[in-house]
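Data block below; observations after.
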Number of protein chains: 2
Amino acid sequence: MREALLDHAEALLSQHGFHGVTVRQVASAAHVDPALVHYYFDTKSKLFDAVFLRRAEIVNAERIAAMETYRQAAGSDIQIEGCIEAFLEPIVRHSVQGDVGWKNYFRLVALVNSSSGWGGETMARYFDPVIRKLVQLLRLCMPQASDENLFWCYHFLSGALTLSLSETGRIDRLSEGLCTSTDHLAIYHRLVPFAAAGFRRVCLHGGAPDNAP
Amino acid sequence: MREALLDHAEALLSQHGFHGVTVRQVASAAHVDPALVHYYFDTKSKLFDAVFLRRAEIVNAERIAAMETYRQAAGSDIQIEGCIEAFLEPIVRHSVQGDVGWKNYFRLVALVNSSSGWGGETMARYFDPVIRKLVQLLRLCMPQASDENLFWCYHFLSGALTLSLSETGRIDRLSEGLCTSTDHLAIYHRLVPFAAAGFRRVCLHGGAPDNAP
DNA sequence: GTCTATAACTGGATAGAC
DNA sequence: GTCTATCCAGTTATAGAC
């Protein structure tokens, strides 16, 4: 029952945000009484935290493991592409497997990530350790890079990723059906080289074009 | 009065989203009666639309003009960097001038852009013409590029841009003060080369690394 | 654990005085 | 144009029966 409530809360919150969903709606979606929500989670706010935490722990562990595995496999030949792949792979895998729960969760993360009020703090609380690990790994293949450039480039990657995960249907309309918001494999195969090229350009060549004289 | 209401609504909506702000809060912030909000804008929903539309018209016209100017100045030597610069310049200019109204507005746009429910439709309604113009311009310097790749790369640029505009304070914390969310000039000087390199890699080299054999 | 009932409050919206 | 007063639907949350 607790899990079912989390599932429905996750789906609704990811579409309408914290203030756009009522406890009654969550209860109704799970076909239970609203009072049960308070029984299990006390307050609406704690329900939100529970939703956010549940999958964060799982995906964070997977990402840490994927990056560690790559670091050891690559030895001294660490590539930017490999770091970003390891960072993204667990997310994409869950999405591509078609698990609707995971898709809802990633939409929620995307929404929180661009909420200026409490978004920054919430994201930091749950995800900063993983990101520090990525930056640390990227420093290994770009020892010349300044921390400032590394953090900004990560920031751009984060924005590109979270917009993709939010599946707003925007690109579908824009491309008149040529691209599909939910096609996370298409995203993965383009975002890795896109971001890697961006990192390389900004962090290694100081912003000068690759084809500069 | 109408303008004052729009200003306060803009500030509040950009921080808490549509459902996180009440008509009463907007009225209170502007030191007027709640009934006045309904007098001027009829419904809360129409107030939101008015906020969104007000600056969209201005910035869209500026972006169209900037891209047209660049196209004519560049002649047959159109560069990816130049296209992206023209696309971003009006936004960055308003932000850098320190106008708090514009900053609030861009935060609101960022929030809407990653709202899965109505976000996609709302953004499309207001901003698609400008984006089509950018893609059209980019096609001129990358005639080999597939539309699919062009749209996906724009999508990544859009995500990186809107996360930056949302000023969540996330990068400040992450970088321990080295980078500042509100430093839109730092963003501009890095996002242009970052995105240009990404476009070049994905659209021209099909995802293969620049340093590939 | 689950539900009924209800408290205590806040939301958007409107009618009508001035 | 602006404010008072108010309607009423909907909100979180709780006390207590079963």
Side-chain angles (χ1 to χ4, degrees), chain A residues 1-54 101 104-105 107-108 111-112 115-119 121-122 125, chain B residues 1-54 101 104-105 107-109 111-112 115-119 121-122 125-126:
Chain A
M1 191 76 281
R2 214 189 105 99
E3 290 298 306
L5 279 170
L6 284 173
D7 288 341
H8 287 100
E10 189 173 57
L12 287 165
L13 288 168
S14 75
Q15 276 177 26
H16 310 289
F18 182 81
H19 297 288
V21 176
T22 67
V23 172
R24 290 164 132 90
Q25 286 176 318
V26 174
S28 168
H31 301 289
V32 297
D33 193 273
L36 260 194
V37 178
H38 290 101
Y39 172 75
Y40 280 115
F41 302 100
D42 195 11
T43 65
K44 181 185 174 183
S45 182
K46 286 181 187 169
L47 166 64
F48 180 89
D49 284 343
V51 167
F52 211 81
L53 181 62
R54 179 171 60 153
N104 289 336
Y105 179 71
R107 278 218 305 270
L108 179 61
L111 188 59
V112 172
S115 298
S116 55
W118 40 286
E121 200 200 342
T122 309
R125 205 148 29 99
Chain B
M1 191 74 285
R2 215 188 107 99
E3 290 298 306
L5 279 170
L6 284 173
D7 289 340
H8 287 100
E10 191 174 55
L12 286 165
L13 288 169
S14 75
Q15 276 177 24
H16 307 106
F18 182 80
H19 297 290
V21 175
T22 68
V23 172
R24 292 168 138 90
Q25 285 176 318
V26 174
S28 169
H31 300 288
V32 298
D33 194 273
L36 260 195
V37 178
H38 289 101
Y39 172 75
Y40 280 114
F41 303 99
D42 196 10
T43 65
K44 181 186 174 183
S45 182
K46 286 181 187 168
L47 166 63
F48 179 90
D49 284 343
V51 167
F52 212 81
L53 181 62
R54 179 171 59 154
N104 289 336
Y105 179 70
R107 278 217 306 268
L108 180 60
V109 172
L111 188 59
V112 172
S115 298
S116 56
W118 41 284
E121 200 200 341
T122 309
R125 203 148 31 99
Y126 290 97

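Order of the sequence lines fixes the chain letters, A, B, ..., with proteins taken first and strands second; residue numbering starts at 1 for each chain.
Residue B:Val21 is in sugar-phosphate contact alone, with no base atom involved, counting any heavy-atom pair closer than 4.0 Å across all strands shown. Within 4.0 Å (heavy atoms only), A:Tyr40 reaches sugar-phosphate atoms of the nucleic acid but no base atom.
Distance CG (B:Leu5) to P (D:dG1): 13 Å, rounded to an integer number of Å. Per the geometry, NZ belonging to A:Lys44 stands 12 Å off C1' belonging to D:dG10, to the nearest Å. Regarding A:Arg2, its CZ atom lies at a distance of 11 Å from the P atom of C:dG1, rounded to whole Å. Atom NZ of A:Lys46 and atom P of D:dT14 are 10 Å apart (whole Å). One can place NE2 of B:His38 at 15 Å from C1' of D:dT4, the figure rounded to the nearest angstrom. Rounded to whole Å, the distance from CG on A:Asp33 to C1' on C:dT4 is 8 Å. Look at CZ on B:Phe18: it is 12 Å from C1' on C:dG11, rounded to the nearest Å.
Comparing D:dT14, C:dG1, D:dT4 by their closest approach to the side chain of A:Leu36 singles out C:dG1. With distances taken from any side-chain atom of B:Thr22 to the nucleotides C:dC3, C:dG11, D:dT14, the minimum falls on C:dG11.
Between B:Val112 and B:Tyr126, the closest side-chain pair of non-hydrogen atoms is not below 4.5 Å. Within the 4.5 Å cutoff, side-chain heavy atoms of B:Leu6 are placed close to those of B:Leu47.
Counting only distance, with no hydrogens or angles, the side chain of A:Lys44 and the backbone of A:Phe18 share a donor-acceptor pair below 3.5 Å. With A:Thr122 contributing its side chain and A:Trp118 its backbone, the two residues share a donor-acceptor pair below 3.5 Å.
Take the nearest nucleotide of DNA chain D for A:Thr43 and for B:Pro34: the residue whose nucleotide is more 5' is B:Pro34. Nearest-nucleotide positions on DNA chain D for A:Asp42 and A:Gln25 put A:Gln25 closer to the 5' end.
Across all their heavy atoms, B:Met1 and B:Ala30 have their closest contact at CE-O, 4.4 Å.
Between B:Tyr39 and the phosphate of C:dT14, there is no side-chain N or O to OP1/OP2 separation shorter than 4.0 Å.
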